[in-house]
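Since the structure comes first, as structure tokens, the remarks are kept for the end.
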Amino acid sequence: MIEITPIETIDGKIRAPPSKSYTHRALFLGLLSEGKTKIENPLICKDTLATLNAIRKFGSEAEWNLVESSGKVKPAEINALESGTTARLSIGISALANGESVIDGEGSLRRRPMGPLLKALNDLGIKTKTKSSGFLPVRVFGGEIKRDYVRVDGGISSQFITALLLLGARIGLSIEVLNPVSKPYIEVTLRTLKRANVKVRRDGGVFHVIQGIKARHFSVPGDYSSASFFLVAGAIFGKIRVEGLDRNDVQPDKAILDLLRDFGAKVKVARGYVEVERDELVGQEVDCRDFPDLFPILAVLGAYSEGRTVLRAKHLRYKESDRVRAMALNLTNMGAKLKELDDGLMISKSELRGAVLNPQNDHRIAMALTIAALGAKGRSLILNEGCVKKSYPKFFEDLKGLIGDDGKNA
Ligand SMILES: O=C(O)C1=C[C@@H](OP(=O)(O)O)[C@@H](O)[C@H](O)C1
Ligand SMILES: C=C(OP(=O)(O)O)C(=O)O
């Protein structure tokens with residue numbers, strides 16, 4: 001548990017941690033590629049550790065900065081911990097292994113859907129078995145892939161598509177994508193595939209992946225999702241500069257820059273850094289379908305913005321927690337005026353008060369609530385704050401660097 005004391009203002013800079021999405025992809029592409037793959041600036045956190053362990057079990061010799069592989073995948077027992085990306089990409093890749101793999105996970109990951117990916121693998125002639133239909137643990141009987149065209153429903157997660165795109169890099173595959181959410185994450189996958197010399201031709205909603213992969217070097221950019229918590233803190237409480245973000249990146253959560261401008265904050269994008277400064281904030285209607293990980297911190301921004309903010313995306317409830325419910329419960333506890341919707345949240349400008357907050361073991365909820373608590377009346381307690389290790393182990397250290405232990409704390 002950590003105590004958060006309200007602040008009057010914030011002014012400082014941090015360096016964005018490396019991107020989680022790119023690090024996962026670089027590690028898996030290192031496994032699929034014969035020879036040595038160097039990874040510069042990987043994110044070291046619990047989720048990427050699950051992936052590092054997974055690619056070792058699948059047969060590579062891997063350290064954070066270097067993966068050495070024969071390019072072949074052997075059957076393995078994988079514990080994806082609570083990382084959806086690790087689980088889904090491992091399920092896809094285990095189709096290549098000659099024999100039976102078991103993909104399992106912990107905590108909420110066992111409640112997150114895998115069904116559409118399993119169906120796609122079954123359609124490719126790969127048998128899978130689950131104890132509870134469509135959920136971990138999953139047994140995959142890899143080996144011969146009998147078809148080169150598959151259709152996948154992307155309405156719950158884009159990670160199913162990423163998994164098939166990586167599979168395609170080894171076997172050649174055409175993937176027809178229906179109804180995708182979190183679409184820009186597919187762009188992140190395509191960008192890393194290009195870096196690994198994999199050719200992908202696009203024809204409307206169909207991706208034709210041409211077999212062939214040679215990954216040699218990845219350089220991981222800063223993470224816009226992790227940065228978004230502090231960028232929003234700058235917009236609400238003063239001024240914050242985040243270094244290490246690439247303005248030409250395709251990361252979905254780069255959308256935070258335009259969103260902050262829409263809400264009314266001052267946003268400066270320069271070479272190598274982004275700076276956000278407080279101004280009058282006005283509530284907005286935002287479709288979060290393409291950037292679901294921004295939802296928790298946008299809900300906080302909504303509570304500090306004039307008028308009403310409406311945030312929607314139907315897949316928000318399939319994450320580490322039911323993120324709509326988790327934010328609604330905790331912000332209500334802080335006195336926020338809000339309404340939970342089937343597919344999101346409606347929130348009005350609110351006077352927040354300090355409270356005991358339960359992030360439900362969801363890192364993004366913990367970080368968003370911490371920022372909310374900085375402007376509340378009275379102290380807050382965040383339970384199980386260690387869950388931030390899932391994506392941003394140094395979050396509280398960076399926060400302390402910005403606001404200090406005392407001094408600026410009101
Ligand atoms: O591919 C990725 O790196 C991710 C895709 C998104 O998931 P969904 O596609 O399930 O929305 C996102 O929420 C997750 O944090 C990371
Ligand atoms: C949902 C997330 O990750 P994953 O799906 O990989 O568990 C996240 O980081 O917010």
Side-chain angles (χ1 to χ4, degrees), residues 17-45 47-76 78 80 83 85-98 101 142 145 148 158-175 184-202 207-223 246 248-252:
S19 157
K20 177 159 82 82
S21 293
Y22 277 98
T23 303
H24 280 303
R25 288 159 171 77
L27 289 166
F28 276 115
L29 287 171
L31 164 74
L32 295 179
S33 179
E34 190 185 337
K36 288 185 184 166
T37 299
K38 284 194 183 146
I39 305 176
E40 205 183 308
N41 194 36
L43 174 69
I44 300 177
C45 67
D47 275 17
T48 52
L49 179 64
T51 287
L52 180 69
N53 287 335
I55 65 163
R56 283 175 174 157
K57 291 229 169 144
F58 278 132
S60 68
E61 300 241 337
E63 298 300 332
W64 287 111
N65 295 101
L66 185 67
V67 182
E68 212 171 337
S69 175
S70 65
K72 298 212 170 72
V73 177
K74 62 178 196 194
I78 304 296
S83 168
T85 312
T86 309
R88 282 140 177 180
L89 273 50
S90 294
I91 289 175
I93 280 169
S94 60
L96 294 167
N98 233 325
S101 294
I145 295 173
D148 61 3
S158 68
Q159 292 168 357
F160 305 149
I161 299 145
T162 291
L164 294 168
L165 286 166
L166 295 194
L167 184 59
R170 283 301 307 277
I171 57 164
L173 191 60
S174 294
I175 304 154
Y185 284 97
I186 302 172
E187 300 305 324
V188 175
T189 307
L190 295 175
R191 191 171 257 218
T192 44
L193 283 174
K194 192 166 178 200
R195 186 93 207 133
N197 299 295
V198 179
K199 293 196 173 56
V200 182
R201 196 167 49 80
R202 251 164 134 151
F207 297 89
H208 302 282
V209 190
I210 320 293
Q211 175 184 13
I213 171 170
K214 208 194 296 165
R216 287 289 168 264
H217 184 253
F218 289 103
S219 177
V220 178
D223 193 310
D246 174 2
N248 298 315
D249 207 337
V250 292
Q251 277 178 61

What's the shortest heavy-atom distance between [X] and [Y], and which atoms?
X	Y	result
Leu31	Lys72	CD1-O, 4.5 Å
Arg202	Glu187	NH2-OE2, 2.7 Å
Ser19	Leu43	O-CB, 4.0 Å
Val188	Pro252	CG2-CD, 3.8 Å
Val67	Gly30	CG1-C, 3.6 Å

Sub-4.5 Å side-chain heavy-atom contact between [X] and [Y]:
X	Y	result
Val250	Arg191	yes
Phe207	Leu164	no
Asp47	Lys20	yes
Lys74	Asn98	no
Phe28	Thr192	no
Ser90	Phe58	yes
Gln251	Asp223	yes
Leu167	Val209	no

Looking only at side-chain N and O atoms, does [Y] offer a donor or acceptor that is under 3.5 Å from a partner on [X]?
X	Y	value
Thr189	Arg25	yes
Asn65	Glu63	no
Thr51	Thr86	yes
Asp249	Tyr22	yes
Ser94	Ser101	no

[X] side, atom [atom1]; [Y] side, atom [atom2] - distance, nearest 0.5 Å:
X	Y	atom1	atom2	value
Gln159	Thr85	CD	OG1	4.0 Å
Ile186	Leu193	CD1	CG	11.5 Å
Ile39	Trp64	CD1	CH2	9.0 Å
Leu29	Ile55	CG	CD1	10.0 Å
Leu166	Ile161	CG	CD1	12.0 Å
Leu27	Leu32	CG	CG	11.0 Å

Between [X] and [Y], is there a donor-acceptor pair closer than 3.5 Å when you use the side chain of the first and the backbone of the second?
X	Y	answer
Asn41	Pro18	no
Arg195	His217	yes
Ser83	Ala80	no
Arg56	Ala62	yes
Asn197	Lys214	yes
Thr37	Ser33	no

Please assess Phe218 against Glu40 for the test side chain to side chain contact (heavy atoms under 4.5 Å, CB included), listing each intermediate value before the final yes or no. CA-CA 6 Å; Phe218 289 103; Glu40 205 183 308; over 6 Å; no
Within a radius of less than 6.0 Å around CD of Glu34, do more than 12 heavy atoms belonging to other residues, nucleotides or ligands occur?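 12 or below, so no.
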